[in-house]
Every structure is written in structure tokens, then in C-alpha cells.
Peer 1: 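Handing you a structure now.
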Amino acid sequence: MYNKIVVIGCGNVGMSFCYALLNQNTYVNELVLIDTNEKRLEGEIMDLNHCLAYSPTKINISLGSYSDCKDAKIVIIAAGANQNIGETRMDLIHKNSKIFESIVHNVVNNDFKGIFLVATNPLDIMTYLTYKYANLPYNRILGTGTTLDTARLRFIISEKIGVSPKDIQAYVMGEHGDSEFIPWSNANIALKSLSSYLTNEDKLKIEEDVRNSAYEIIKRKGSTYYGIGMCLVRITNAILGDENVILSVSAYDKENGIYISTPAIVNSSGVKEKIYVPFNDEEKEKIKNSINVIKDAINNL
Ligand code: NAD
């Protein structure tokens, strides 16, 4: 099986994905990069190729064009504007929705048969627009969703209670944005509820820290990219390896006609199945609020 990936938008996020990929064992054989700034991209490709002598993996890396999408297994989109200090992800909606129309049409017009993986913010809206513009089955379009927020949550809990983030079964759900929330009633370590380890006060503080993580990073270094690069590698490997792993990606919600994050089974078909989480009353209100935030943003486009 020969696996080709196309990355559209090779700024900090796109390149963090590429660099993380080169540092791991992966199913990817070929990496094709597209960006409007081709001069910088040439430099990035030279730099990436110089990793290969010491990389655990052999990947062909090149500067490409949309015709490369024809036989690509995954097209990752990380093109577009980034949050400035004080800006929310939703503030990017107009800038980024414009560029997505042409990007997605260029991909599908080249007979793309693979899966779209979206990282650009506002994430759930950009993933929805990809679905609309591509006119492909919804399972073949997914966004990174709250995979990054979930990684942040697990790290913060692990620091607090001294258990590896890999062994914490807790998720951030809803919008990848300010209305996201943590369904604590379903958060566990092994088979034990996290409520045995955390007070209500702890939970409130953790939820706030997770929600503010991006703002805090942006305040200090301008933007966030290593974490999302790693999430993109995890999702890419889940798809190419047909892994059936559960990740909190942004997936299509048929009932509401939007994209939103829930834990979902990810494999070579994209999103195989969403996991329906039993919420308590408070969590039901929170997911409803998140759905409304996304719906309103789509209606105002
Ligand atoms: P960046 O400015 O470093 O890179 C964006 C790149 O897109 C640039 O290289 C630019 O030349 C390219 N680009 C712009 N228009 C293009 C087009 N039409 N075709 C091809 N390339 C084009 O920004 P970044 O830090 O890499 O962030 C990219 C996006 O990812 C932003 O929207 C950001 O908010 C988002 N992001 C998402 C998450 C997440 O959890 N999903 C995390 C961090 C950042």
C-alpha cells in the first residue's frame, strides 16, 4: 500500500505536522506540500529533506500542485489566517471561509478520492464548509476538533494527580472554541470516576485552563502549533492504519446539520461511527449551547 498525503497551507501548523511525522514511524510514503508562498515552501522542503538521514521513516517530500490530490489518501488543510492576541477562533471566519471555497474546489476537481482532514480555525465551521464545498460523503470529511483540547486536558489532569495522560479517559467535547466543555460524569481513570481524584473546584479550574490554553500560548509566543501537529499525525495514522481508535474529532452531526466534536471511531473510512455519550442535565445544556454557537456561526456566514 502506497500512501500519499497532501498538505495545503504549510505555515506553522502544516510544518509542525510534517516535522512530527518525520520523527515517528508512520504509514506515510509520500508528502506533497502546497502553499501560496512557494519560495518559503522550497526552503521548508529542503529543511525537511535534511531530516531523512536520521528519521525512522522514509518519505518522499516534494512541492506539489492540486493535481497531486488525485491519488492522495488524505488532504490536510491548514491554510489560512491565525488568531492574533485577543482574537477568538470565530473572529477568523470571514478570512478563512473565502480561501476554503477555492481550495476545496481545486481538490475535488482533481478527482480526489480520499479523506479531508481540516485544522484551520474556526475548526468546526471550516470542516462544515469543506463538506459543503466538496459534496462528498460526510464520513470522508473530519476536523481535528477537540483532539488538541483533549490532549491539553489529559496533560493538566496528569500533572495534578500523577497518572500518565495516556491513561486518562476524559474528553473535551463540543465546539473547538469558547463553548467547549468537559463531560466530567463520563471521565475516568481505569474504571474509577475522576470525581474520586478531583473536587468540583479542581474541575472548574481545569476546564478554564484547558479553554484558555490557546490564549495563554498566543500571549507568550504568538501562535500554537506543536500540539496540533501531533494531533494531525495521530489522526493521519488512525486513518492510514485503519486503526479504529477513538478520537474527539469534529464529525458530522446529522440531527443538527453541523460538524462538532464527540469521541468517534476513526479508521480508513474516516469517521466510522460516533460514540453517543450519556450526558447529565448540565452537560445536555452545554452541548446544546455549543451546537447553537456553531449553528449561529453557519447561519451568519
Ligand atoms: P500560518 O500563518 O503560519 O500559516 C498559514 C499558511 O497558509 C501560510 O503559509 C499561508 O501562506 C498559507 N495559505 C494562505 N492561503 C492559502 C491558500 N489559498 N492556499 C494555500 N496556502 C495558503 O498559520 P498557522 O499557525 O499555521 O495556522 C493555520 C491555521 O490553523 C489557523 O487558522 C489557526 O488558527 C489554525 N490552528 C488550529 C488549531 C486546531 O486545534 N485545530 C491549532 C492551532 C492553529
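Source: prediction; values computed, not measured. Start at 1 and go down the list; that is how both ligands and their atoms are numbered.
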Peer 1: Under the salt bridge (charged side-chain N to carboxylate O under 4.0 Å, His left out) criterion, do Lys286 and Glu283 qualify, and how do the steps go?
Peer 2: CA-CA 5 Å; Lys286 287 182 176 170; Glu283 291 159 0; over 6 Å; no
Peer 1: Would you indicate whether the side-chain heavy atoms of Glu180 and Ser290 approach each other to under 4.5 Å?
Peer 2: no
Peer 1: Which protein non-hydrogen atom lies closest to atom 10 (C) of ligand 1, naming both residue and atom, and how far is it?
Peer 2: Asp35 OD1, 3.5 Å
Peer 1: Is it the side chain, the backbone, both or neither of Ala81 that has a heavy atom closer than 4.0 Å to ligand 1?
Peer 2: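 The answer is the backbone.
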Peer 1: Would you tell me which option among Leu123, Asn121, Ile103, Ile217 has the nearest heavy-atom contact to atom 35 (C) of ligand 1?
Peer 2: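 That would be Asn121.
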Peer 1: N/O of Arg40 under 3.5 Å from N/O of ligand 1, yes or no?
Peer 2: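 Between Arg40 and ligand 1 (N or O atoms, distance only) the closest approach is under 3.5 Å.
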Peer 1: Tyr259 vs Tyr128, test: ring-ring contact (aromatic ring centres under 6.0 Å, His included). Steps then yes/no.
Peer 2: CA-CA 6 Å; Tyr259 271 77; Tyr128 169 84; 7.0 Å; no
Peer 1: Between the side chains of Thr26 and Asn237, does any donor sit under 3.5 Å from an acceptor?
Peer 2: yes
Peer 1: For atom 17 (C) of ligand 1, which candidate among Leu33, Leu41, Asp91, Thr36 provides the closest heavy atom?
Peer 2: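 Checking each option, the heavy atom nearest atom 17 (C) of ligand 1 is found in Thr36.
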Peer 1: Under a plain distance cut-off of 3.5 Å, with no hydrogens placed, do Thr199 and Asp202 share a side-chain donor-acceptor pair?
Peer 2: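 Indeed, the side chains of Asp202 and Thr199 share at least one donor-acceptor pair under 3.5 Å.
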Peer 1: Could you tell me the residue and atom name of the protein heavy atom closest to atom 24 (P) of ligand 1, and the distance to it rounded to 0.1 Å?
Peer 2: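 Scanning the protein heavy atoms, the shortest distance from atom 24 (P) of ligand 1 goes to Asn82 ND2, 3.3 Å.
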Peer 1: Run the salt-bridge test on Arg220 and Glu216 with the 4.0 Å N-O cut-off and return the result as yes or no.
Peer 2: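 A salt bridge links Arg220 with Glu216.
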Peer 1: Identify, for atom 4 (O) of ligand 1, the protein heavy atom at the shortest distance, and state residue, atom and that distance.
Peer 2: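 Among all protein heavy atoms, the one nearest atom 4 (O) of ligand 1 is Gly11 CA, 3.2 Å.
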Peer 1: N/O to N/O below 3.5 Å, does that happen between Thr120 and ligand 1?
Peer 2: no
Peer 1: Determine, for Glu87 against Lys95, whether the closest basic-nitrogen to carboxylate-oxygen distance falls under 4.0 angstrom.
Peer 2: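 Counted as a salt bridge, because a side-chain N and a carboxylate O are separated by less than 4.0 Å.
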Peer 1: Does Tyr66, backbone or side chain, put an N or O under 3.5 Å from an N or O of ligand 1?
Peer 2: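 In fact, backbone or side chain, Tyr66 has no N or O that close.
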Peer 1: Atom 15 (N) of ligand 1: which protein heavy atom is closest, and how many Å away?
Peer 2: Ile99 CD1, 3.7 Å
Peer 1: Checking the side chain of Arg154 only, and the main-chain atoms of Asp167 only, is there a donor and an acceptor separated by less than 3.5 Å?
Peer 2: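 Flag not set: sc Arg154 to bb Asp167 has no pair under 3.5 Å.
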Peer 1: Quick one: look up the protein heavy atom nearest atom 44 (C) of ligand 1 and list residue, atom name and how far away it is.
Peer 2: Val13 CG2, 3.5 Å
Peer 1: Look at atom 2 (O) of ligand 1 and find which of Ser16, Gly9, Ala119, Gly80 reaches it with the closest heavy atom.
Peer 2: Gly80
